[in-house]
Number of protein chains: 2
Amino acid sequence: MEKAQTLGVRAQQKEKTRRALINAAMNQLSAETGFSSLSLREVAREAGIAPTSFYRHFRNMDELGLTLVDECGLTLRQLLRQARQRIDKGGSIIRVSIETFMQFVADNTAIFRLLLQERTGRSREFRKAVERELEHFKAELIEYLRDEQGFSARLADLQSDAIVKIVFSAGADCFDVDDTQRLQIAEQTIQQVRLVARGAEATRRAKVE
Amino acid sequence: MEKAQTLGVRAQQKEKTRRALINAAMNQLSAETGFSSLSLREVAREAGIAPTSFYRHFRNMDELGLTLVDECGLTLRQLLRQARQRIDKGGSIIRVSIETFMQFVADNTAIFRLLLQERTGRSREFRKAVERELEHFKAELIEYLRDEQGFSARLADLQSDAIVKIVFSAGADCFDVDDTQRLQIAEQTIQQVRLVARGAEATRRAKVE
DNA sequence: GAATTCAGCGTACAGGTGTTAGCTGATCTT
DNA sequence: AAGATCAGCTAACACCTGTACGCTGAATTC
């Protein structure tokens with residue numbers, strides 16, 4: 001709002017319909033259709049503008065899609081960072097992080113599905129974008145494992161990679177599932193991550209001795 | 001061939017064009033397009049039949065897609081079973097299985113991508129089908145861990161689930177990658193699976209004492 | 001206050017889509 | 001040998017797609 005005032009009426013309105021387009025795309029994603037079978041015309045229709053006006057905001061649908069991927073990764077990372085600050089007041093970092101993650105998946109199923117789907121689909125550019133997001137998570141995890149837990153660089157990397165794979169994969173399991181089942185999946189994921197952590201711990205000990 | 005003789009000329013020819021349709025779909029999948037943006041007409045064209053003749057073989061494109069998913073899972077499982085028989089003559093089961101898996105991904109990128117993609121996409125029916133395939137792998141792994149390695153049911157389940165998640169996720173990392181990088185990924189995956197195994201081992205010991 | 005910018009619009013086009021209906025002729029059945 | 005079956009065909013349909021072109025009028029700039 002504050003920022004919008006300095007933006008001028010024109011730019012303000014433009015930003016508004018840009019958001020409308022993004023929201024429209026997300027809405028249509030929540031349905032059973034994947035992003036690739038989303039149509040420019042339908043998105044424009046739902047956003048309340050003429051099909052041709054779409055081009056005032058994005059060069060094509062792919063550009064919109066990449067924007068969605070970026071936004072999704074960003075909000076998820078912010079959420080997790082907040083969660084980690086919360087645990088400084090006590091609590092298991094594994095538990096809090098995973099529960100936060102699962103809550104995000106439940107709240108933003110459509111967009112998270114986009115993330116997972118485009119990881120393996122469509123253009124190389126899309127896959128790179130998603131991979132970049134996953135790398136962010138991995139990097140933050142590595143930092144934690146090395147600095148706070150004192151793991152070697154190699155072991156921290158190996159561990160982080162495995163954990164990211166497990167957690168995001170578990171996120172995919174939450175799609176056709178109700179709340180109680182989701183909690184079960186979260187619980188199972190927590191245990192699996194602890195399994196990895198324990199394995200890494202054992203490996204470190206074996207190397208030291 | 002032997003079976004085909006007893007099938008009659010008509011049914012034989014029908015099976016042939018059915019395969020042509022399946023192959024056509026796989027071919028078009030190898031390109032950058034996901035399954036959802038595959039068209040009945042184009043598939044029929046590549047298979048060398050009229051669009052309308054498609055319906056003599058599948059009720060719609062989804063039915064074709066489900067067939068593809070089933071076939072993919074089947075051949076992959078056969079491959080892994082063969083690999084496991086080979087290791088009875090010595091060799092690490094983890095290494096051989098994962099190397100076989102990675103080789104499959106390299107050889108059948110298109111269809112494996114379908115598997116991963118439809119896991120998170122399109123209709124619920126598709127997701128169920130893929131999930132069923134993943135369950136097959138998990139089940140075989142559980143059996144091995146419980147019977148051969150003596151893990152408890154719960155620990156075998158937890159472990160298998162984590163391993164399947166890691167391995168399939170690693171498969172997705174192989175898409176935009178050359179042979180040497182693929183070998184690196186395989187190596188890393190092997191180490192990660194060993195991490196999980198070591199963690200499970202440590203957990204078992206802790207419980208026993 | 002005049003000139004410029006530009007978000008959004010309407011029209012139009014060429015091409016693709018899934019699907020229906022009905023025909024043909026080879027294969028199978030009896 | 002006669003009749004039934006059925007894989008594959010052509011023609012046609014109603015509809016949706018992305019995008020090019022040029023206009024309008026309000027916001028912005030000078």
Side-chain angles (χ1 to χ4, degrees), chain A residues 1 3-25 27-29 31-68 121-123 125-126, chain B residues 1 3-25 27-29 31-68 121-123 125-126:
Chain A
M1 285 286 185
K3 210 177 183 181
Q5 280 181 343
T6 78
L7 232 64
V9 181
R10 177 96 135 251
Q12 206 173 326
Q13 175 56 29
K14 181 168 185 181
E15 182 59 25
K16 208 168 154 188
T17 64
R18 191 187 134 98
R19 298 272 8 139
L21 281 170
I22 291 177
N23 289 337
N27 255 348
Q28 311 215 350
L29 238 36
E32 298 258 296
T33 51
F35 181 81
S36 50
S37 51
L38 226 69
S39 103
L40 183 152
R41 285 182 107 105
E42 272 193 24
V43 171
R45 199 175 305 140
E46 182 158 335
I49 62 171
T52 48
S53 302
F54 178 94
Y55 297 102
R56 302 287 182 201
H57 302 272
F58 302 97
R59 206 170 315 145
N60 47 44
M61 282 295 287
D62 277 15
E63 202 170 292
L64 206 185
L66 289 171
T67 306
L68 257 70
R122 290 185 64 64
S123 65
E125 199 178 355
F126 261 77
Chain B
M1 286 287 185
K3 210 178 183 180
Q5 280 180 343
T6 79
L7 233 62
V9 180
R10 179 99 133 245
Q12 206 173 328
Q13 175 58 28
K14 181 168 184 181
E15 183 59 25
K16 209 169 156 189
T17 64
R18 191 187 134 99
R19 297 275 5 141
L21 281 170
I22 291 177
N23 289 337
N27 255 348
Q28 311 216 346
L29 237 36
E32 297 257 298
T33 51
F35 181 81
S36 50
S37 51
L38 227 69
S39 103
L40 183 152
R41 285 180 105 105
E42 271 194 24
V43 170
R45 198 175 307 140
E46 183 158 335
I49 62 170
T52 49
S53 302
F54 178 94
Y55 297 104
R56 302 284 183 203
H57 302 272
F58 303 97
R59 204 169 315 143
N60 47 44
M61 283 295 286
D62 277 16
E63 202 171 290
L64 206 184
L66 288 171
T67 305
L68 256 67
R122 290 185 64 64
S123 66
E125 200 178 355
F126 261 78

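Quick note on labels: first sequence line is chain A, next is B, and so on, each numbered from 1.
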- Message: Is A/Arg18 close enough to C/dG8 that one of its side-chain N or O atoms is under 4.0 Å from OP1 or OP2 there?
- Response: no
- Applying side chain to side chain contact (heavy atoms under 4.5 Å, CB included), run through B/Ile49 and B/Leu21 and close with a yes or a no. CA-CA 9 Å; B/Ile49 62 170; B/Leu21 281 170; 4.0 Å; yes
- Message: If we ignore hydrogens and angles and just use 3.5 Å, is the side chain of B/Asp62 paired with the main-chain N or O of B/Gly65 as donor and acceptor?
- Response: no
- For B/Leu64 and C/dG18, what is the distance between atoms CG and P respectively, to the nearest whole Å? 12 Å
- Message: Without decimals, in angstroms, what is the distance between A/Glu63 CD and D/dT19 C1'?
- Response: 16 Å
- Note on the structure: Here the distance between atom P of D/dG8 and atom CD of B/Gln12, to the nearest Å, is 13 Å
- Could you give the NE2-to-P distance, from B/His57 to D/dA7, as a whole number of Å? 7 Å
- Min side-chain heavy-atom separation B/Met61-B/Val43 under 4.5 Å: yes
- Rounded to the nearest angstrom, tell me the gap between atom NZ in B/Lys16 and atom C1' in D/dA7. 14 Å
- Message: C/dG8, OP1 or OP2 - any side-chain N/O from A/Thr17 closer than 4.0 Å?
- Response: yes
- Task: Taking only the side-chain nitrogens and oxygens of A/Thr52, find out if one of them lies under 4.0 Å from OP1 or OP2 of C/dC9.
- Result: no
- Quickly work out the A/Phe58 CZ to C/dG8 P distance and round it to whole Å. 12 Å
- A/Arg45 side-chain N/O to D/dT17 phosphate OP1/OP2 under 4.0 Å: yes
- Of the nucleotides D/dT19, C/dC28, C/dG22, which one has an atom closest to the side chain of A/Tyr55? D/dT19
- Please step through side chain to side chain contact (heavy atoms under 4.5 Å, CB included) for the pair A/Phe58 and A/Arg18, ending with a clear verdict. CA-CA 9 Å; A/Phe58 302 97; A/Arg18 191 187 134 98; 3.6 Å; yes
- Between A/Arg41 and B/Arg41, the residue closer to the 5' end of DNA chain D by nearest nucleotide is B/Arg41
- Message: For A/Gln28, is there any backbone N or O sitting under 3.5 Å from a side-chain donor or acceptor partner on A/Glu46?
- Response: no
- Message: Does D/dC9 have its OP1 or OP2 closer than 4.0 Å to a side-chain nitrogen or oxygen of B/Ser53?
- Response: yes
- Query: Just how far, in rounded Å, is C1' of C/dG16 from CG of B/Leu40?
  - Reply: 13 Å
- Item | Whole angstrom value for the distance that separates C1' of D/dC9 from CZ of B/Arg56 | 9 Å
- DNA chain C nearest-nucleotide lookup for B/Met61 and B/Arg10: closer to the 5′ end is B/Met61
